[in-house]
Every structure is written in C-alpha cells, then in structure tokens.
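Structure record follows, encoded as structure tokens.
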Amino acid sequence: MARHCAHIAGIREVTPSALGCEECLKSGSAWLHLRICRSCGHVGCCDDSPNRHATKHFHATGHPIIEGYDPPEGWGWCYVDEVLFDLSDRKTPHNGPIPRYY
C-alpha cells in the first residue's frame, strides 16, 4: 500500500448526484453503504454491496477519490494509490434523507 497520495490535492467540493446509489435507485437494487466521488459527485454503492457501483464508476472514469458517504464517515480513499485518509473536516453534506436498503 502506498503511503503518499498524489491525488488528494484534486479533491473537490461536489454536489451529490442522487439521494442514494444512482444506479441502484434506477434499477431497484439494494446497497449497503454509499460512496461519493470527490471529482464529480457521483453517488455509488460500496464494494460490500451486490453491484459495487462506486468502484465501477472509478473504472469507467478514472476519478481516483471517494468519500464514505452514508453514514458520513469522515474518511476518503484513493483507488489509484490505495491510501485511506481523513476527510472529517470536509465531509460532503447530504441533500436530504438517504433511503435505507439493508
């Protein structure tokens, strides 16, 4: 695992794309936890969810940084450098209530 992340400087304040996993809401699928892309605001489900939409978003776009989004967990992850880091001072706020599917 890398100790340094070259992508942290690229973290943006973003607007969430949906009130839950964007793709799961469209397909009626369930998720466990949510991740938000700190490049564009895409909200996807975690790797413990059946569809792993956050990771699929990374592979499709190359956007490297996600934030633990539901519940707001205060951490970030860089897919490229495999670095976990603190985002507790700059969490992305929810736009409304997040539906529960677990």
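Please read these numbers as outputs of a predicted model, since none were measured by experiment.
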Under the side chain to side chain contact (heavy atoms under 4.5 Å, CB included) criterion, do Leu87 and Ile11 qualify, and how do the steps go?
CA-CA 10 Å; Leu87 285 177; Ile11 292 174; 3.9 Å; yes
Output, in order, the C-alpha distance, side-chain angles, deciding distance and verdict of side chain to side chain contact (heavy atoms under 4.5 Å, CB included) for Glu82 and Trp77.
CA-CA 7 Å; Glu82 297 184 341; Trp77 172 257; 3.8 Å; yes
Quick one, Tyr79 with Ile65, criterion side chain to side chain contact (heavy atoms under 4.5 Å, CB included). Give me CA distance, side-chain angles, the key distance, then yes/no.
CA-CA 6 Å; Tyr79 284 107; Ile65 305 287; over 6 Å; no
Yes or no on side chain to side chain contact (heavy atoms under 4.5 Å, CB included) for Cys40 and His57, after CA distance, side-chain angles and deciding distance?
CA-CA 10 Å; Cys40 71; His57 176 75; 3.4 Å; yes
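In this structure the side chain of Val14 reaches within 4.5 angstrom of the side chain of Arg38, judged on heavy atoms. At least one side-chain heavy atom of Phe58 sits under 4.5 Å from a side-chain heavy atom of Val80.
Remark: the Thr92 side chain and the Tyr69 side chain contain no N/O donor-acceptor pair separated by less than 3.5 Å. With hydrogens and angles left out, the side-chain atoms of His7 and Asp81 include a donor and acceptor closer than 3.5 Å. Looking at Asp86 and Ser88, their side chains do bring a donor and an acceptor atom within 3.5 Å of each other.
Considering NZ of Lys56 and CG of Asn51, their distance stands at 5.0 Å, rounded to 0.5 Å. One finds the NE2 atom of His53 at 12.0 Å from the SG atom of Cys46 (value rounded to the nearest 0.5 Å). The distance from the CG atom of Asp47 to the CZ atom of Arg52 is 4.0 Å, given to the nearest 0.5 Å. The line from OG of Ser49 to CG of Leu32 is 5.0 Å long, rounded to the nearest 0.5 Å. Here CD of Glu22 is found 11.0 Å from CH2 of Trp31. Values are rounded to the nearest 0.5 Å. Taking CD1 of Ile66 as the start and SG of Cys37 as the end, the distance is 9.0 Å to the nearest 0.5 Å.
Panel note: side chain Arg35, backbone Gly68; no donor-acceptor pair is recorded below 3.5 Å.
Considering every non-hydrogen atom in both Ser39 and Pro64, the closest pair reads OG-CD, 4.0 Å. Of all the heavy atoms in Cys24 and Ala30, the pair that sits closest is SG-O, 3.9 Å. Across all non-hydrogen atoms, the minimal contact from Val43 to Ser17 is N-OG, 2.9 Å. Among all heavy-atom pairs drawn from Pro16 and Pro93, the shortest one is CG-O, 3.8 Å.
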